Amino acid sequence: MMTRILLYSDEPILAKGLESVLRQVEGFELLPTCCSVAGVMEQVALGAPDLVLLDLTPEVTFAVLSEMKHAMMTTKIVLWVNNISTELAFQAMGLGVRGILRKTLPTDLQVKCLQKVQAGELWFEKALTDSFLCARRVSLTQREGQLVSLLSQGLKNKEIATTLMISEGTVKVYLSRLFQKVGVKDRFELALFGLKNLTTGQLPVNEKGQRAGTVPGLRSLVLERPADPRPEPPSRFPIPMRPIARY
């Protein structure tokens with residue numbers, strides 16, 4: 001069976017180069033390349049592709065990635081990156097992203113990645129999985145995740161309370177608990193951790209009147225720490241990880 005691949009990138013010349021390679025691979029059917037997230041969603045509405053190779057542009061925030069994954073339940077997503085932070089990589093994996101592929105890899109390895117992912121495997125380089133073992137993960141409840149996401153957008157307590165339809169007093173209680181849980185001293189530090197985990201630099205824009213249930217929230221915070229001489233085994237993660245590419 002043919003594997004229907006959708007490529008999204010805002011770098012047309014780079015995309016054209018990869019297109020020419022993928023068109024020569026037996027078993028691959030390349031759909032029209034998209035240059036915007038809106039274009040990806042329109043293409044998906046016409047028929048879900050088997051695999052989406054998603055360029056990690058500023059347009060791809062945590063909220064956008066979450067929405068896309070929800071809209072493409074049966075589609076495998078691979079992030080196409082120059083570089084990616086440990087925090088964002090971990091959050092992407094939590095959403096169900098099946099691979100993280102560096103643009104600088106040789107073309108044969110890029111093709112191999114897509115083939116492996118389509119076959120049901122994961123593609124995460126050893127250096128990236130090793131960085132997970134040197135990080136501390138703090139699980140968040142749905143409400144805590146929503147609050148951290150909104151706080152990272154610069155919203156004040158009153159605005160957070162209005163968006164989540166809770167009282168300002170309740171927001172203060174949540175913040176106090178989060179300071180202790182995450183190990184920070186104030187809302188600024190908490191917002192910085194939230195920002196690193198949410199996106200590559202562009203925050204999702206909050207809409208006034210948005211219902212509390214529709215506010216995107218983080219599932220956890222990943223906090224980098226010095227490597228432990230006796231790191232915990234990979235089984236501590238919710239997704240089984242098999243580093244496939246070793247360089």
Side-chain angles (χ1 to χ4, degrees), residues 37 56-71 77 79 83-97 128 131-228 231-232 235-239:
V37 168
L56 193 59
T57 67
E59 192 178 357
V60 180
T61 64
F62 174 81
V64 166
L65 190 57
S66 179
E67 180 184 352
M68 292 179 69
K69 185 58 186 171
H70 180 75
I77 296 179
L79 292 182
N83 51 68
I84 188 170
S85 68
T86 300
E87 296 89 349
L88 186 57
F90 194 94
Q91 296 298 335
M93 290 177 67
L95 287 174
V97 167
L128 187 57
S131 71
F132 293 148
L133 298 177
C134 298
R136 179 168 66 93
R137 177 174 175 256
V138 179
S139 297
L140 302 176
T141 65
Q142 180 183 13
R143 182 66 86 202
E144 289 172 340
Q146 290 175 330
L147 194 146
V148 172
S149 298
L150 294 173
L151 180 68
S152 300
Q153 296 179 52
L155 272 66
K156 301 183 184 303
N157 286 1
K158 184 176 181 180
E159 295 171 313
I160 293 174
T162 299
T163 302
L164 298 181
M165 293 183 277
I166 57 179
S167 68
E168 283 189 66
T170 302
V171 172
K172 291 178 181 178
V173 170
Y174 270 113
L175 285 175
S176 178
R177 291 175 179 172
L178 279 167
F179 293 163
Q180 295 182 6
K181 188 173 185 177
V182 179
V184 297
K185 64 179 182 293
D186 55 34
R187 62 190 294 130
F188 178 71
E189 280 191 80
L190 182 60
L192 284 180
F193 278 127
L195 176 59
K196 290 180 68 178
N197 279 263
L198 270 169
T199 177
T200 55
Q202 177 184 346
L203 285 168
V205 178
N206 179 56
E207 297 180 7
K208 292 184 178 180
Q210 190 175 36
R211 292 184 301 168
T214 65
V215 177
L218 292 166
R219 298 179 181 179
S220 63
L221 289 176
V222 181
L223 316 177
E224 292 189 3
R225 66 181 179 187
D228 192 300
E232 298 179 48
S235 58
R236 59 189 271 237
F237 296 102
I239 300 177

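Residue numbers run from 1 in the order of the sequence given. Quick caveat, the model's predicted, so the values are computed rather than measured.
The side-chain contact (heavy atoms from CB on, under 4.5 Å) test with Y174 singles out one residue from Q146, E144, K181, and that residue is E144.
Taking each heavy atom of L155 and R187 in turn, the nearest pair found is O-NH2, 3.3 Å. Taking all atoms of both residues into account, the shortest heavy-atom contact from V64 to E59 is CG2-O, 3.6 Å. Of all non-hydrogen atoms in E159 and G154, the two that sit nearest each other are OE1-O, 4.4 Å. Heavy-atom minimum distance, K69 versus L95: CG-O, 3.2 Å. Across every non-hydrogen atom of S152 and A191, the tightest pair is OG-O, 3.2 Å.
When side chains are defined from C-beta on, V37 does not count as touching E67, because their heavy atoms never get closer than 4.5 Å. Side-chain contact between L151 and L175 is present, with heavy atoms from C-beta onward closer than 4.5 Å. Residues L88 and L79 form no side-chain contact, since every pair of their non-hydrogen atoms from C-beta on lies 4.5 Å or further apart.
Interatomic distance, L164 CG to Q142 CD, rounded to the nearest 0.5 Å: 10.0 Å. A distance of 8.5 Å separates OG1 in T163 from CD in Q153, rounded to the nearest 0.5 Å. With rounding to the nearest 0.5 angstrom, the CG atom of L147 is 5.0 Å from the CD1 atom of I160.
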Test side-chain contact (heavy atoms from CB on, under 4.5 Å) applied to L140 and L178, step by step: CA-CA 9 Å; L140 302 176; L178 279 167; 3.9 Å; yes

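Between the side chain of E189 and the main chain of K185, a donor-acceptor pair closer than 3.5 Å is present.
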